[in-house]
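Just below is one structure, and these are the notes that go with it.
Residue numbers begin at 1 in each chain, while the letters A, B, ... track the order of the sequences. In what follows, every heavy atom counts, from backbone to side chain, and hydrogens, waters and symmetry copies are set aside.
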Amino acid sequence: MAEQHVAVVGGGLVGMALAYGLLSRGCRVTVFDEGDDAFRASRGNFGLVWMQSKGAELPNYARWTRRSTQLWPELASQLARLTGTDVGLAQPGGLDFALSEEELAEKVARLEQLRGEIEDYPFEVIGRNRLKEMVPEVGPEVVGATYGPEDGHVNPLRLLRALHEVFARLGGRRVAGEAVREIQPLSAGFLVDNGARHQADKVVLAAGLGNAALAAQVGLDAPVKPNRGQVLVTERVRPFLKYPTSLVRQVDEGGVQIGDSKEDAGLDDATSAPVVGHIASRAIRLFPLLKDVRIVRSWAALRVMSPDGYPIYEESPSHPGAYLVTCHSGVTLAAAHAELLAPWIAEGAAPPYLESFRAGRFRLHTAA
Amino acid sequence: MPDAFAFTRLPDPSRQKLTLDFEGVAIEASVGDSVAAAVLAAGHRLTRTTPVGGSGRGPYCMMGVCFDCLMEIDGEQNRQACMVEARDGMKVRRMRGARPLAEARA
């Protein structure tokens, strides 16, 4: 059988992780990346490799996320070996702070529920005294935290760059500058139209918010909507925070990244002063020593959210060979996408839990 | 000691001079100079060392973008020297590595 040609629509973390996995399995791959006016969630994200408390409503998502966090060290070492780029992966465990006993109890209840569903689900509840030992700079208002020993973080921009580097090195072809407008199913394969027409045996939709319009053309359903997150980063300061937290993390170069906002702002990816102010004041409650630290940049990006927040992975029933891959955790899930999802697209080997991630779950809910 | 490299000022008859303290040594500057311009004009190339590798850096973009001119100005660390106007008597030091946070040292 001749080598199959897979077209991947989307050059962000989702598309590039898949493209890397596809190249590793002998496919010929063309990635269609949009222009610089695209909404690029992969250039604005927070950089956590995180499983803690995810998937309470869909335990298979918790399992899938955990698989990815466990596969992450191997992905990082492959990228270092093949590109020389250190993506800065550290998995010292992650903390989720609580500013009141009620908040802590809610977090613990969610984790207890997950432990009830999932074998060996790892977490610890950290009281105020032990937290002071782990993070001496924690503020007086923080009553405690939950700790996920397998959580971590990465430099997301270096990750995106490394994936593009490895893609080029393994012979992938990238077509950039024009959005894909149309995908036309042929009797065998697909025509991808970005102003010019490109033929491929298979097509993978990894276009983030752009999937919503493309999916219907190949018999798929991508009901994704934007959710805006705003992020601040400070000047570089000496290391004071070893553990990533859900709201604040210190990156390997010393800057402190802060952000946790969630807003329905349509396709507006601008920052706003009230939200930036709220993020900053909350960070100072968690870490009072940040009060005099200079913010050097702030930005916003649009998360790609499905109705329940979980991924959609699906092969088109009407047009086999067309795949939809969308999620809002392109960093955490990069390892699973490269290692477990790419073989499914290349060879048909279904990854674990696939049945939980079809878009049909939204239609069933509507009918019920 | 100034570095071998130097900028030369254009002749300006209306130039008003002031004096900065750079690393404990008096250097001459002009009213209207940014701190970065004053340090460069005095023949000094390096304004900081990097937080990760500790290598030397000097002013590059001179317009507030590159963050390579970070200095300690009147006791305040990590200031962008190209964005601060020089004042007579200002104390200016190179920024050495990452800024320590006060509480982190306590």
Side-chain angles (χ1 to χ4, degrees), chain A residues 47 80 84-90 97 131-142 153-155 157-158 161 232-243 245 248-258 280 283-299, chain B residues 20 22-23 34-40 45-87 90-106:
Chain A
T85 297
D86 174 4
V87 299
L89 175 70
F97 293 140
L131 190 59
K132 276 291 277 184
E133 286 167 24
M134 293 171 77
V135 185
E137 306 304 334
V138 72
E141 288 185 73
V142 178
H153 57 165
V154 72
N155 181 318
L157 294 178
R158 264 191 259 144
R161 192 180 70 190
L232 319 180
V233 70
T234 73
E235 61 183 308
R236 291 172 180 186
V237 295
R238 289 216 188 128
F240 71 93
L241 179 58
K242 175 184 163 194
Y243 302 94
T245 81
V248 177
R249 72 185 189 100
Q250 187 170 24
V251 309
D252 54 356
E253 290 162 341
V256 181
Q257 200 171 334
I258 308 166
I284 291 167
R285 289 174 74 191
L286 302 176
F287 295 104
L289 84 172
L290 293 177
K291 68 183 189 304
D292 297 320
V293 173
R294 210 169 275 112
I295 301 293
V296 295
R297 272 189 298 283
S298 63
W299 66 87
Chain B
L20 296 182
F22 172 68
E23 297 283 349
S34 68
V35 172
V39 169
L40 287 172
R45 192 160 56 114
L46 300 181
T47 46
R48 71 173 182 119
T49 57
T50 59
V52 179
S55 58
R57 291 288 188 276
Y60 179 66
C61 76
M62 298 295 281
M63 60 182 199
V65 174
C66 76
F67 287 77
D68 261 331
C69 65
L70 297 176
M71 300 188 80
E72 180 180 321
I73 299 176
D74 284 339
E76 195 179 342
Q77 300 197 332
N78 266 353
R79 299 288 310 271
Q80 290 174 277
C82 75
M83 303 302 285
V84 178
E85 192 174 331
R87 302 268 177 225
M90 232 175 203
K91 287 193 174 4
V92 177
R93 297 182 70 227
R94 293 189 176 98
M95 185 67 218
R96 289 161 172 81
R99 173 185 164 191
L101 296 177
E103 283 96 327
R105 284 175 301 193

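- Distance check, rounded to the nearest 0.5 Å: OG1 of A:T234 to CD of A:Q250 gives 7.5 Å.
- Contact detail for B:A38 and B:L20: the closest heavy-atom pair is CB-CD1, 3.7 Å.
- With a 4.5 Å cut-off on side-chain heavy atoms, A:V248 and A:Y243 do not count as touching.
- Listed in order of number, the residues of residues 51-67 of chain B that approach chain A to under 4.5 Å between heavy atoms are B:P51, B:V52, B:F67.
- For the side-chain contact (heavy atoms from CB on, under 4.5 Å) with B:F22, the lone residue among B:K91, B:M71, B:R93 that qualifies is B:M71.
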Inset, instruction - Apply the test side chain to side chain contact (heavy atoms under 4.5 Å, CB included) to residues B:R99 and A:R238: give CA-CA distance (whole Å), side-chain angles for both, the deciding distance (0.1 Å), then the verdict. - result: CA-CA 6 Å; B:R99 173 185 164 191; A:R238 289 216 188 128; over 6 Å; no

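- Taking B:R79 as the reference, A:R294, B:I73, B:E76, B:V84 meet the side chain to side chain contact (heavy atoms under 4.5 Å, CB included) condition, with sequence neighbours excluded.
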